[in-house]
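Below is one structure, written out as structure tokens; comments come after it.
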Amino acid sequence: MEKEMEGEAAPPLGLPHVLLLASLREHTGNCVTAHRLAAALAPATSTCADIGSFEDVQALERRVREERVGLVVGIHAYRSGRLMVGLSVPYVIVLGGTDVNIHVHQPEKRLIMEQALNEARAIVAFTQDMLDALIRASPTVSAKAHLVPQAIVVAVPARSLDGSAIEDIDLAEEERNVLDELDVRHGERLLLLPAGLRPVKDVLFAAQAVAEWRKDGGAVVLRIVGPELDAEYSADVQKAIRTLDPPRAVAWCGALSQRKLHLAMRAALAVLNTSVSEGMCNSILEAFAIGTPVLARHNIGNATLVKHGATGMLAESPHDLVAQARLLLEDAAVCNKLGSAAQEMVAREHSPEHEAKQYSRILTSVLASRPN
């Protein structure tokens, strides 16, 4: 198991054409991660490919030959791994939270994951907990496992603590337009929940509690933003929202562009994460970088990232989350403390430059160890 050292210089980037394999559904964390990693590998040639465009490893093999790909990086040990077992070129696997929290407990998927991980030339995990879970499940892969915290890039400047920075003034109209799009009216504060609609995200976790707060006079609204990723679950969510009282307390608003999402984060009272399980959540890191307080449901991934009372708050129940949101509404000093600490942590531990250097080192090492 290796953790790359930040103080060491990266080797020259002499990589062949690299193919990044991931689910590229727009507005998802996997898509954001794949394109960020592709940019990080410059000046090497890199291409992103959607796992949905390949039926099996033979289809992927044809793409590898046609584009003269020398190395594949697959995001998710199961989703990408099932296409890479037996591939003729070396590949690296980047673990997803679903891999270590869900798929490893499902026998058929675990078997495919183990095959892919055993053949992989290197494995990357975003957090120590993910790495530990991997090694418990597959001890033989520890020698090629690397810890590389995920970097984050945001499309707007961080908000200032007192709201007086030039950027705050320049972006005020743009933020207001986004709030109008989300039906957040004057005098209301936004609780923003970025999440694609699928069961693991449990977007209704705090919905009833927020509606009750709103009915009790709270000037808050919960807005869920993200694409429909599971049709049945999406229909259930929209049906449940329609039954909540009062109307408008909770709404699903579809997906936003990255810039609009980050503008909404800047304008929000808090950014929420209510997932049953997480790896390293992009939207939490984005909120950290922007300086907006994060309220997250307690799970292993979120607890690794959110230090309760320091960089954000963790909730054990919907009513915990609402109590924490009430505190933020009533005490600007708490908002500023959390936002400032989170910004400092992201700058220190999640810089794109550090991530690019680590991936360069890992991929270069993989190629150097390839048999002639």
Side-chain angles (χ1 to χ4, degrees), residues 159 163 175-176 178-195 197 199 201-226 233-234 236-254 256 261 263-276 278 281 283-284 286-288 290-299 302-303 306 308-339 342:
R159 66 182 189 180
E175 285 182 16
R176 186 63 251 171
V178 173
L179 291 177
D180 288 343
E181 187 174 332
L182 298 177
D183 191 23
V184 181
R185 301 176 185 176
H186 287 283
E188 296 177 339
R189 298 303 307 275
L190 169 64
L191 299 175
L192 183 71
L193 174 51
L197 298 190
K201 294 299 183 180
D202 197 12
V203 297
L204 296 177
F205 173 76
Q208 183 62 49
V210 170
E212 290 170 3
W213 182 16
R214 172 81 181 190
K215 193 169 186 177
D216 195 38
V220 295
V221 290
L222 171 60
R223 296 295 180 256
I224 303 160
V225 294
Y233 180 73
S234 298
D236 289 344
V237 166
Q238 293 172 64
K239 180 179 178 181
I241 287 173
R242 288 193 293 271
T243 68
L244 291 174
D245 181 38
R248 291 192 58 259
V250 180
W252 170 67
C253 301
L256 296 176
L261 174 63
L263 286 164
M265 286 183 175
R266 275 180 59 99
L269 172 67
V271 173
L272 276 52
N273 179 285
T274 59
S275 299
V276 175
E278 281 286 359
C281 179
S283 63
I284 290 179
E286 289 166 346
F288 280 179
I290 287 168
T292 298
V294 168
L295 306 180
R297 183 178 184 172
H298 193 287
N299 61 50
N302 286 347
V306 179
H308 184 69
T311 58
M313 294 186 181
L314 295 168
E316 300 289 347
S317 70
H319 290 286
D320 274 353
L321 191 147
V322 165
Q324 293 162 1
R326 284 178 180 267
L327 176 61
L328 295 179
L329 190 61
E330 295 165 2
D331 194 337
V334 174
C335 293
N336 292 343
K337 173 191 168 187
L338 297 176

- Item | Closest non-hydrogen atom pair, T292 against A268 | CG2-O, 3.6 Å
- Task: Test L338 against F288 for side-chain contact (heavy atoms from CB on, under 4.5 Å), laying out the working first.
- Result: CA-CA 9 Å; L338 297 176; F288 280 179; over 6 Å; no
- Message: Contact between R159 and M265 at the side-chain level, heavy atoms closer than 4.5 Å - yes or no?
- Response: no
- Task: Just jot down the salt bridge (Lys or Arg N to Asp or Glu O under 4.0 Å) partners of E175, sequence neighbours excluded, or say none.
- Result: R266
- Out of curiosity, E181 CD to L256 CG, how far, rounded to the nearest 0.5 Å? 6.0 Å
- Non-hydrogen side-chain atoms of V220 and W213 separated by less than 4.5 Å: yes
- Message: Looking only at side-chain N and O atoms, does S275 offer a donor or acceptor that is under 3.5 Å from a partner on E278?
- Response: yes
- Item | Shortest non-hydrogen contact from G309 toward K337 | O-NZ, 3.3 Å
- Task: Quick one: do R214 and R248 satisfy side-chain contact (heavy atoms from CB on, under 4.5 Å)? Show the steps, please.
- Result: CA-CA 9 Å; R214 172 81 181 190; R248 291 192 58 259; 3.3 Å; yes
- Task: May I have the step-by-step check of side-chain contact (heavy atoms from CB on, under 4.5 Å) for D180 and R176, ending in yes or no?
- Result: CA-CA 6 Å; D180 288 343; R176 186 63 251 171; 3.1 Å; yes
- Note on the structure: CG (D183) and SG (C253) are apart, to the nearest 0.5 Å, by 7.5 Å
- Item | Shortest non-hydrogen separation from A211 to D245 and the atoms involved | CB-O, 3.7 Å
- Message: Nearest 0.5 angstrom please: L261 CG to L192 CG, how far?
- Response: 6.0 Å
- With side chains defined as the heavy atoms from C-beta onward, is the minimum distance between P293 and V271 less than 4.5 Å? no
- Applying the side chain to side chain contact (heavy atoms under 4.5 Å, CB included) test to V210, which of L222, L272, L244 qualifies? L222
- Between L191, L190, L193, which is the residue that forms a side chain to side chain contact (heavy atoms under 4.5 Å, CB included) with R223? L190
- Once you round to the nearest 0.5 Å, how far does CD of E188 lie from CG of L269? 12.5 Å
- Message: For the CD atom of Q238 and the OG1 atom of T243, what is their distance to the nearest 0.5 Å?
- Response: 12.5 Å
- Task: Work out which heavy atom in F205 is nearest to a heavy atom in P318; give both atom names and the distance.
- Result: O-CG, 3.0 Å
- Message: For the CG atom of N302 and the CE atom of M313, what is their distance to the nearest 0.5 Å?
- Response: 15.0 Å
- Between L197 and I224, does a side-chain contact (heavy atoms from CB on, under 4.5 Å) hold up when you go through it step by step? CA-CA 9 Å; L197 298 190; I224 303 160; 4.1 Å; yes
- L295 to L328 - nearest heavy-atom pair and separation: CD2-CD1, 3.8 Å
- Can you check whether D202's main-chain N or O pairs, donor with acceptor, with T274's side chain at less than 3.5 Å? yes
- salt bridge (charged side-chain N to carboxylate O under 4.0 Å, His left out): pairs with one or both residues in residues 312-327, sequence neighbours excluded: D216-R326
- Query: Is any side-chain heavy atom of R297 closer than 4.5 Å to a side-chain heavy atom of V276?
  - Reply: yes
